[in-house]
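Inspection log for the structure reproduced underneath, given as C-alpha cells.
We number each residue from 1, following the sequence as shown. Order of appearance sets the numbers: ligands from 1, and atoms from 1 within every ligand.
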Amino acid sequence: MRKLPTRVDKTSEIYATNVAAYRELDAELRAAMQFAIDGGKGRDRSIERHYKRGKLMSRERIDAVIDADTAFLELSTLAGWGMVNDEFPGGGTVTGIGVVHGVPWMFIASDATVKGGSLFPAGIKKQVRAQDIALENGLGTIYLVDSGGAYLPMQDEVFPDKDHFGGGFYRQARMSAAGLPQMSVVLGGCTAGGAYVPALSDEVIMVDGIGRIFLGGPPIVKAALGEIIDQDDLGGAALHTRQSGVSDYMVNTEREAYALLRDLCANTNQRRMDQPAGWLDTAEPEPPAYDVEEIFGIINADTRIPFDCHEIIARIIDGSKFSEFKPDWGDSIVCGYARIWGHLVGVIANNGIIFNESALKAAHFIELCEQRAVPLLFLQNTSGYMVGRDSEVGGIAKNGAKMVSAVANARVPKFTVLTGGSYGAGNYGMCGRGFAPRFLFTWPNSRIATMAADTAETVLTDIRVGGLKGAETTEEQLAKVRAEIREQYETQSSPYYATSRLWDDGLILPTDTRDALGMCLSLVARQPGPEVGDKIVYRM
Ligand code: COA
C-alpha cells in the first residue's frame, strides 16, 4: 500500500477560514450533547431529586459497569432533538457499546430524569435500534432499568406497531434464544409494560429501596381492588427476590449491583474483543501519517465547494496507506483497500457527482470485496447520479442500478459515514440507511435530502407554477414560494434533523471517526465471517 500524498496548504487563508467554521460546528455539537446529558426545562430539579434518592445518572451507571479506562461508544445521543418542545433530551435513554471483562455489550439505560425514563417515539426507536445493532453484531445486552415504560400521552405512537414496545420485547426474547445474554438491573419503578424488560431477561438484579416491578402500581391496585398498599410491599426487591422469584439477586446499593453484574457477565462465555474469529485480515495498527484535525481545514465552510476525498481517507486510515483500485478510471468515486486500527477494509468514497464509469467501478469493487470477504466503508459526499442526455445515453439508470444492487446484496459488513452531501439516489448507491449498513455515522457538516436546497427551490417552484395551469403568478408570490421551499429543505437536510429521527447511529466529529470505526470493525472481527455466496466478479 502506498502512502497518500497531501496537497493541503495549512498556511492558506481558506484553510484558516474552514478551520474556524468547523470549530463552530464542533462547539455546537458539544453544546447539543451537553443538553442531552443534563439540559431541558425543569431537568435541574429532576436531577437533584434523582441524586437525593441516592441514585446515579445513566452515564455514571454505565461507567460503573464497564472496564476501567475503556471507551464507551455512545449511540444516537441526540435522538429526539428538537421534538416535543425538546422535552426528551437524548430521547430519555442512553444506548451504546461498552466492554465488560474484555467482552463488548450493548447497554440500554433509562434516563429517569427525563419524564421518569418513559419512552416517546424517538426514544423507543432508539431502544429498538440498539437491540438490532446488538443482534446483528452478536452482543449481549445490559438493561439498566429505571423507566415509566411507554410515554402515555403518545401511546398510539409507541405501543402498538411492529417496532414499538412489543417489538422491543420480541427482540429481547429472540436475542436470548440466539445465545446473546439479556441482563437487567432494576433501579426504579418498572410498571406495566416496563415490567417485561426485567421479566424477559436471563438474569435480574434488584436494588432494594429503589427497584420495583409491578404490572399495576399502587394507584391502579387501589382503583381496581380497593387495596391500599405501598410500592415495596407490592413489588419491591425483597418480594421479587424472596417470594415471586421475578428477580434472582437483591443488593442494597447501586454500586453493589454493578459489582455483581460484572461478576455475572464474566460467566456468560462470550468472545472477548481480543479474540477475533480469524476471518478478517488484521495487522498491527498504526496511526494515520497526517493529523486528523486537519480535516477541519479541508472541508470547505461553503458546503457547495467540493473537497478531495483522498485527503479525508488519508486522515482516517492506518499510516495513510491506500491501495487504490482503478485510479485512472471513473475518478468521481475513489475505491481502494486500507486498514483501520489494523483491520483490512474496502473504502468507497465520493469525489462529486456519480458518473457512469464511477458507478460501474464501485459495483466492480463491491464484488471484489464480497469475493474476498473484506468489509466495506462508504464515505458519502455526493449530489447523486449524473443527469443529462449524455449520461442517459451512457446508461446511467442501469449503471446506477448495478451499483445499488451490488450494495444491497453485499453480505460483507458495511459501514457508512456521511462526510458531506447525501443526496438522491447517491444515498442509496453509497449504502444509506435503507441498505442496512451495520453502523451509520454523520458529520456535523453533512446534509441529507432528496436534493440540495438550491435545486429543490427551482424544481419545486416549477412544479407549483405548472400546477397553476397558466394562472397569473406575481414575482412576489414566486419569491414567497421559493423562500418556503428553501427553508423546508434547509431545515430537513440538517444533520440534527436526521440524527433526531434516528436516520443515523449518531452525529460524530471527524476526529472521533477512526476510533468509532475501529470499534465497529473489532466487533465484526470477533463474529463468524460473512457467508458470501458465489464469488463471481463480473467485469463492468
Ligand atoms: N407516561 C408519561 N409520563 C410519565 C410516565 C409515563 N409512562 N412515567 C412518568 N412520567 C412523567 C411524570 O408525569 C412526571 O412528569 P413531570 O416531570 O412533567 O411532572 C415525570 O415523568 C416524573 O414522574 P414521577 O412520577 O414524578 O417520578 P417518580 O420517580 O416518583 O416515579 C415512575 C417514576 C416511573 C415510577 C412513575 O412515574 C410511574 O409509575 N409512572 C407511570 C408508569 C406506568 O403506568 N406506565 C405504563 C407503561 S405501559
Side-chain angles (χ1 to χ4, degrees), residues 35-36 38-58 61 79-80 83-94 108-128 143-161 163-170 172 184-200 206-225 227-237 239-240 246-247 254:
F35 181 84
D38 58 13
K41 195 163 151 247
R43 185 100 176 270
D44 288 356
R45 265 182 291 116
S46 305
I47 294 174
E48 197 185 318
R49 192 173 67 145
H50 191 75
Y51 277 130
K52 271 199 183 135
R53 288 173 170 173
K55 292 184 172 196
L56 297 176
M57 292 290 281
S58 325
R61 288 171 169 168
M83 291 179 179
V84 199
N85 304 318
D86 265 325
E87 283 185 41
F88 287 87
T93 182
V94 178
I108 298 180
S110 341
D111 189 336
T113 68
V114 176
K115 295 283 176 202
S118 61
L119 292 176
F120 89 127
I124 189 68
K125 197 170 180 187
K126 176 167 170 177
Q127 188 158 312
V128 164
Y143 301 86
L144 302 178
V145 196
D146 194 350
S147 162
Y151 180 63
L152 296 170
M154 298 175 87
Q155 63 90 26
D156 61 329
E157 293 179 62
V158 293
F159 169 65
D161 208 353
D163 291 335
H164 287 174
F165 258 83
F169 300 137
Y170 171 80
Q172 213 182 327
S184 274
V185 183
V186 180
L187 302 150
C190 300
T191 316
Y196 288 98
V197 174
L200 280 164
M206 281 186 84
V207 181
D208 194 23
I210 56 172
R212 286 155 199 135
I213 301 174
F214 23 65
L215 291 192
I220 293 180
V221 171
K222 186 177 169 207
L225 307 169
E227 259 183 55
I228 297 180
I229 188 161
D230 83 18
Q231 298 195 46
D232 279 325
D233 279 347
L234 185 64
L239 177 135
H240 281 310
V246 169
S247 154
E254 281 202 42

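Atom 17 (O) of ligand 1 is not flagged as protein-proximal [any protein heavy atom, distance under 4.0 Å]. Distance remark: protein heavy atom present below 4.0 angstrom from atom 11 (C) of ligand 1. Distance check on atom 33 (C) of ligand 1: every protein heavy atom falls at or beyond the 4.0 Å cut-off. Protein heavy atoms come within 4.0 Å of atom 47 (C) of ligand 1. Atom 14 (C) of ligand 1 is never approached by the protein to below 4.0 angstrom, counting heavy atoms only. For atom 44 (O) of ligand 1, the nearest protein heavy atom is under 4.0 Å away. Atom 37 (O) of ligand 1 is not flagged as protein-proximal [any protein heavy atom, distance under 4.0 Å]. Counting protein heavy atoms under 4.0 angstrom from atom 27 (O) of ligand 1 gives one or more.
Within 6.0 Å of the OH atom in Tyr196, the count of heavy atoms belonging to other residues, nucleotides or ligands does not exceed 12. Atom OH of Tyr170 has 12 or fewer neighbouring heavy atoms from other residues, nucleotides or ligands inside a 6.0 Å radius.
Screening Ser58, Ser46, Pro89 for a side-chain contact (heavy atoms from CB on, under 4.5 Å) with Val114, the sole residue that qualifies is Pro89. Residue Leu144 is tested with Ile108, Leu187, Val94, Thr93 for a side-chain contact (heavy atoms from CB on, under 4.5 Å); the sole match is Leu187. Each of Arg45, Lys52, His50 was compared with Glu48 under the side chain to side chain donor-acceptor pair (under 3.5 Å) criterion, and only Lys52 meets it.
Geometrically, ligand 1 and Ala192 share no nitrogen or oxygen pair separated by less than 3.5 Å. Polar contact check, Gly149 against ligand 1: no nitrogen or oxygen pair lies under 3.5 Å apart. Residue contacts with ligand 1: Leu152 is placed with a nitrogen or oxygen under 3.5 Å of a nitrogen or oxygen of the ligand (distance criterion only).
Here the side chain of Ser147 pairs a donor or acceptor atom with the backbone of Gly117 at under 3.5 angstrom. Between the side chain of Lys126 and the backbone N or O of Gly90, at least one donor-acceptor pair lies under 3.5 Å.
Looking at Arg43 and Asp111, a side-chain N of the basic residue comes within less than 4.0 Å of a carboxylate O on the acidic one, giving a salt bridge.
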Review point. Could you go step by step and tell me if Met83 and Phe88 meet the side-chain contact (heavy atoms from CB on, under 4.5 Å) rule?
Key: CA-CA 8 Å; Met83 291 179 179; Phe88 287 87; over 6 Å; no
Point to revise | Derivation of the side-chain contact (heavy atoms from CB on, under 4.5 Å) call for Phe165 and Leu119 | key: CA-CA 9 Å; Phe165 258 83; Leu119 292 176; 3.9 Å; yes
Practice item. Assess whether side-chain contact (heavy atoms from CB on, under 4.5 Å) is satisfied between Ile47 and Thr113, documenting all intermediate values. Key: CA-CA 6 Å; Ile47 294 174; Thr113 68; 3.9 Å; yes
Check your understanding: Do Gln172 and Val197 pass the side-chain contact (heavy atoms from CB on, under 4.5 Å) test, and can you show the C-alpha distance, the side-chain angles, and the key distance before you say yes or no?
Key -> CA-CA 8 Å; Gln172 213 182 327; Val197 174; 4.3 Å; yes
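Compare Thr191, Leu215, Ile220 by their heavy atoms: the one nearest to atom 39 (O) of ligand 1 is in Thr191. Across the listed options Gly194, Gly217, Gly148, Cys190, Gly148 owns the non-hydrogen atom lying nearest to atom 40 (N) of ligand 1. Atom 6 (C) of ligand 1 has its nearest heavy-atom neighbour, among Ala150, Gly116, Ser46, in Ala150.
Which parts of ligand 1 touch Tyr151 is read off a 4.0 Å heavy-atom cut-off, strictly below it: atoms 1 (N), 2 (C), 3 (N).
Atom 21 (O) of ligand 1 has Lys115 C, 2.9 Å as its closest protein atom, hydrogens excluded (heavy atom only). In this structure, atom 4 (C) of ligand 1 lies nearest to the protein heavy atom Ser118 OG, 3.8 Å. For atom 35 (C) of ligand 1, the closest heavy atom belonging to the protein is Gly189 CA, 4.0 Å.
Residue-level proximity to ligand 1 for Arg49 is carried by the side chain, the only part with a heavy atom below 4.0 angstrom. Within the 4.0 Å heavy-atom criterion, the part of Pro153 lying near ligand 1 is the side chain and not the backbone. With a 4.0 Å heavy-atom cut-off, ligand 1 is reached by the side chain of Arg53 but not by its N, CA, C or O.
The salt bridge (charged side-chain N to carboxylate O under 4.0 Å, His left out) check on Arg61 picks up Asp146, Glu254, with sequence neighbours excluded.
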